[in-house]
Amino acid sequence: MLTPEHYQNVFKQAHRAGSPHFTIIARNNNLTHPRLGLAVPKKQIKTAVGRNRFKRLSRESFRNNQHNLPNKDFVVIAKKSAQDLSNDELFKLFDKLWQRLSRPSRG
């Protein structure tokens, strides 16, 4: 996602799946593919290396799962503890949350 408007749309009437380490917010889009947005605040992950690592792993997980995901806009929001996870732990957690958000919404 490219513009602040895209992010604002997702934050309105979105469903979320969260963990103690990060949250993924999703909202339907009118496109033929899912899109990813990232919010990794300096306040949460202090170092550029840490933020870049989290973003890189988020994109990689999204890329590996996008063929299973519904046509939604997803925004991943990092929390402080995300930097303490190993790459493997992050991927497992992402997989779990992608699956949770892929289920048809109730209502």
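As a basis for the values below, the full set of heavy atoms in this structure was taken, side chains included, without hydrogen atoms, waters or symmetry mates.
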Novice: Are Phe22 and Phe54 close enough that their ring centers fall under 6.0 Å?
Specialist: yes
Novice: Output the distance between atom CD1 (Ile25) and atom NE2 (His15), rounded to the nearest 0.5 Å.
Specialist: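 Here the interatomic distance stands at 11.0 Å.
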Novice: Report yes if the side chains of Phe94 and Val76 come closer than 4.5 Å at any heavy-atom pair, otherwise no.
Specialist: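 Of all side-chain heavy-atom pairs linking Val76 with Phe94, at least one is under 4.5 Å.
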Novice: Does any non-hydrogen side-chain atom of Val75 lie less than 4.5 Å from one of Ile24?
Specialist: no
Novice: Does Asn28 form a side chain to side chain donor-acceptor pair (under 3.5 Å) with Asn71? I'd like the steps, not just the answer.
Specialist: CA-CA 6 Å; Asn28 291 332; Asn71 296 336; over 6 Å; no
Novice: Where do Leu97 and Gly18 come nearest, in terms of heavy atoms and distance?
Specialist: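 That would be CD2-O, 3.9 Å.
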Novice: Mind listing the closest non-hydrogen atom pair of Ser61 and Trp98 along with its distance?
Specialist: OG-NE1, 2.8 Å
Novice: Between Ala78 and Gln44, what is the shortest heavy-atom contact and its length?
Specialist: O-CG, 3.7 Å
Novice: Say you draw a straight line from NZ of Lys72 to CG of Asn29; how long is it, rounded to the nearest 0.5 Å?
Specialist: 10.0 Å
Novice: Do NZ/NE/NH1/NH2 and the carboxylate oxygens of Asp73 and Arg27 come within less than 4.0 Å?
Specialist: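 Arg27 and Asp73: not salt-bridged.
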Novice: Taking the side chain from Arg51 and the backbone from Lys46, do they hold a donor-acceptor pair closer than 3.5 Å?
Specialist: yes
Novice: State, with a plain yes or no, whether a side-chain heavy atom of Arg35 is found less than 4.5 Å away from one of His6.
Specialist: yes
Novice: With side chains defined as the heavy atoms from C-beta onward, is the minimum distance between Arg53 and Leu90 less than 4.5 Å?
Specialist: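 Yes - at least one pair of side-chain heavy atoms lies under 4.5 Å apart.
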Novice: Output the distance between atom OG (Ser58) and atom CG (Leu38), rounded to the nearest 0.5 Å.
Specialist: 5.0 Å
Novice: Look up atom CG in Leu36 and atom CZ in Phe62, then write down how far apart they are to the nearest 0.5 Å.
Specialist: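 Reported value, rounded in 0.5 Å steps: 5.0 Å.
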Novice: Looking at side-chain heavy atoms only, is the closest gap between Lys96 and Arg100 below 4.5 Å?
Specialist: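 Side chain of Lys96 against side chain of Arg100, heavy atoms only: contact under 4.5 Å found.
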Novice: Find the distance between CG (Asn68) and CD (Gln99) and round it off to the nearest 0.5 Å.
Specialist: 8.5 Å
Novice: Going from CG on Asn87 to CG on Leu57, what distance comes out if it is rounded to the nearest 0.5 angstrom?
Specialist: 4.5 Å
Novice: Using modelled atom types only, decide if a donor and an acceptor are shared between the side chain of Glu89 and the backbone of Ser86 within a distance under 3.5 Å.
Specialist: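 Side chain of Glu89 to backbone of Ser86: a pair is present.
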Novice: Can you check whether Glu60 reaches Asn64 side chain to side chain, under 4.5 Å on heavy atoms?
Specialist: yes
Novice: Identify the two heavy atoms, one from Ile45 and one from Lys79, that lie closest to each other, and give their separation to 0.1 Å.
Specialist: CG1-O, 4.2 Å
